[in-house]
Amino acid sequence: MKIYSTLTRTKEELVPLAPKEVRMYVCGVTVYGVSHVGHARSAIVFDVIRRYLAFKGYRVTFVKNFTDVDDKIIKRAQEEGVSPSELSERYIAEFYQDMEAIGVLRADIEPKATDHIPEMIVLIERLLAGGFAYVVDGDVYFEIRQFPGYGRLSGKNLDELLAGARVEVDERKRDPRDFALWKSAKPGEPSWPSPWGDGRPGWHIECSAMSMRYLGESFDIHGGGEDLMFPHHECEIAQSEAATGQPFARYWIHNGFVNLGAEKMSKSLGNILTIRELVKRHDPDALRLWLLGTHYRNPVEFAEERVRETARALERLRGLIIEAERLSVPGIDGRYPNALERGYPEAWLAAIGHGELTRRAHPCVERFTDAMDDDFNTPGALAALFDLSHELYRYREAVGQGGKRADAFANGVRLLARLGWALGLFQRPAEGVAPSPARAAQAEPLVAEREQARNQRDWKRADELREALRKLGATVEDTPTGPRLKWERT
RNA sequence: GGCGGCGUAGCCAAGUGGUUAAGGCGGAGGUCUGCAAAACCUCUAUUCAGCGGUUCGAAUCCGCUCGCCGCCUCCA
């Protein structure tokens, strides 16, 4: 399969350092506030990448960090009159809640910067010993001139960076572009002892230290939002490769932004839309489906209406799962909340049990994996999924005729659910939106009475009751097996 | 100023040198239905911002023009 790497700006064949094993590190969040749609996109993109690699049969080790010490955290903690660690712990808990709400699996390892100060100190010492860094008044800086590759990832040359003249002017630095590895302690700020005096780590060093700790000095994939390309990832490469003399990450993956209207969304602009708010209004699967409808490297513009449209498309796919479950096929197993399973599309195709349906499903599955193999082309994969759903509905229409069998249909749906799993879809109960118990209790007698009216061919009364149910938020669908309620999201 | 990206149907969005330009939403007609809903069938871009060029052949490559956006500073 091919992955676009920012480092080379081309799609490259994925060749992991160890066969059949992928080690990936993704820069997580700085925990000083609630997460927004942009974080959701990044989390979902890498969740899908991780899932699909597992689906392909790779053993994936996925590390995603928390930055729990930095200027913003300290500032916010002071404003709120709590300790920085209290603040970061709170937002870590919030982050987990949000991720669960949108169906993002936990990473295998989720390290916090403050738990890895010793590793960072060791790394900084290596850099000092190698002549890549220098100490000034308890601060340690990385000297970028000592690392010729600096600027390669972001495609910047050093002179342009200087010409930009936005770099912080600090007389003590040998070069204005040098960046801090260690910052000396200021009163009232958290600090740790170090060979250079009490202080705290610079931003970039944590990711180098933690990725090396858990994945080794060289690993396969390093990812994050496109904004992290420079300076963060650029600095990570410099300090890591300077320290080890080894190539750091092999493939660099950056996801595009979520814009709000014409503007980018960011905490500093204050125009954020939180995940918390979003999942109140939208089905999490609709949110995911909407996000995956655009390739991960392209920007996407958020609009409530787009997500609502996507929810209608989702209903089509989900209708199949509901249908299959109604055929009492036990547990459509597209849902594996905590298990990463490798995929065997060929076996699943064969397991359908009816040659005709297998034959029709086959090209859909192939297009699905071809699209995903091509730099995680989720829009292409979704197109294949919709085509598969189409084939399944067609087949279901004809069940009972010409050898078409309900069990084959259900097996086909199971295949669809498995493909969906690789995208993180269909992991919740297929019924989707569940009514509150109170509403369900209210609806029950109305449905019963309506059935009675229909049996007596009292269409007027039946329609009144349909209307009454609609006011409760439920749409009635009459099916051969009886009425079915579809609840609105409230 | 430097670097990079984008402009495909009413809307969203794949495709990046060669059969009929995916898919979704929306819309039109039909089947089914007491009526609906869902599903199914048919249709909905002779054309890919514009203009030139390369090529037997371009939405796809090159040049120019217009429009939009991102990064260069904390940010997913």
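What you see below is based on every heavy atom in this structure, not just the backbone, and it leaves out hydrogens, waters and symmetry mates. Each chain gets a letter, A, B and so on, in the order its sequence line appears, and its residues count up from 1.
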Atom [atom1], compared across [N] and [M]: separation rounded to whole Å:
N      : M      : atom1 : value
C75(B) : C66(B) : P     : 35 Å
U55(B) : C72(B) : P     : 42 Å
U60(B) : A14(B) : C1'   : 13 Å

Quick one: [X] [atom1] to [N] [atom2], roughly how many Å, whole number?
X         : N      : atom1 : atom2 : answer
His254(A) : C75(B) : NE2   : C1'   : 13 Å
Asn255(A) : C71(B) : CG    : P     : 13 Å
Arg177(A) : U73(B) : CZ    : C1'   : 16 Å
Glu226(A) : G70(B) : CD    : P     : 10 Å
Tyr25(A)  : A76(B) : OH    : C1'   : 14 Å
Arg367(A) : G24(B) : CZ    : P     : 10 Å

Under 4.0 Å, counting only non-hydrogen atoms across every strand here, what does [X] touch: a base, just sugar-phosphate, or nothing?
X         : result
Glu305(A) : nothing
Gly224(A) : sugar-phosphate
Leu385(A) : nothing
Gly28(A)  : sugar-phosphate
His232(A) : nothing

Encoded 5' to 3' (Watson-Crick or G-U under 3.5 Å; [ ] crossing; | other strand), RNA chain B becomes ((((((((.[[[..)..(....]]]((((((.......))))))....[[[[[..)....]]]]])))))))....
With a 6.0 Å cut-off on ring centres, are [X] and [Y] close enough?
X         : Y         : result
Tyr4(A)   : Tyr251(A) : no
Tyr395(A) : His354(A) : yes
Phe66(A)  : Tyr96(A)  : yes

Residues that Asp387(A) engages under salt bridge (Lys or Arg N to Asp or Glu O under 4.0 Å), provided they are two or more places apart: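 If we apply the salt bridge (Lys or Arg N to Asp or Glu O under 4.0 Å) test to Asp387(A), skipping adjacent residues, the hits are Arg367(A).
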Glu80(A): which residues meet the salt bridge (Lys or Arg N to Asp or Glu O under 4.0 Å) condition with it, sequence neighbours left out?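 Here the qualifying residues are Arg90(A).
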Looking at residues at least two apart in the chain, or sitting in another chain, which of them share a side-chain contact (heavy atoms from CB on, under 4.5 Å) with [X]?
X         : value
Asp370(A) : Glu366(A)
Ala185(A) : Ser191(A), Asp198(A)
Asp98(A)  : Ser35(A), Ile275(A), Arg276(A)
Glu444(A) : none

Under the side-chain hydrogen bond (donor to acceptor under 3.5 Å, both in side chains) test, which residues partner His295(A), sequence neighbours left out?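 Per chain and number, His295(A) pairs via side-chain hydrogen bond (donor to acceptor under 3.5 Å, both in side chains) with Asp375(A).
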Relative to the 5' end of RNA chain B, which residue comes earlier, Ser154(A) or His204(A), by the nucleotide with the nearest heavy atom?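 With Ser154(A) and His204(A) compared, the 5'-side residue is Ser154(A).
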Go nucleotide by nucleotide along RNA chain B from the 5' end; which of Arg394(A) and Gly225(A) gets its closest nucleotide reached first?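 Mapping each residue to its closest nucleotide by heavy atoms, the 5'-most match is Arg394(A).
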Would you give me the side-chain donor-acceptor pairs under 3.5 Å for residues 463-475 of chain A, sequence neighbours excluded?
unit_1, atom_1, unit_2, atom_2, d
Glu464(A), OE1, Arg461(A), NH1, 3.0
Glu464(A), OE2, Lys460(A), NZ, 3.4

If the threshold is 4.0 Å, N to carboxylate O, is there a salt bridge linking [X] and [Y]?
X         : Y         : value
Arg454(A) : Glu451(A) : yes
Glu309(A) : Arg312(A) : no
Asp68(A)  : Lys112(A) : no

N/O to N/O distances under 3.5 Å, protein versus nucleotides 42-45 of chain B:
none

Per-nt protein contacts along nucleotides 33-38 of chain B (heavy atom under 4.0 Å; B base, S backbone sugar-phosphate only, - none) come out as -BBBBS
Scoring nucleotides 4-16 of chain B by protein non-hydrogen atoms under 4.0 Å (B base, S sugar-phosphate only, - none) yields -------SSSSS-
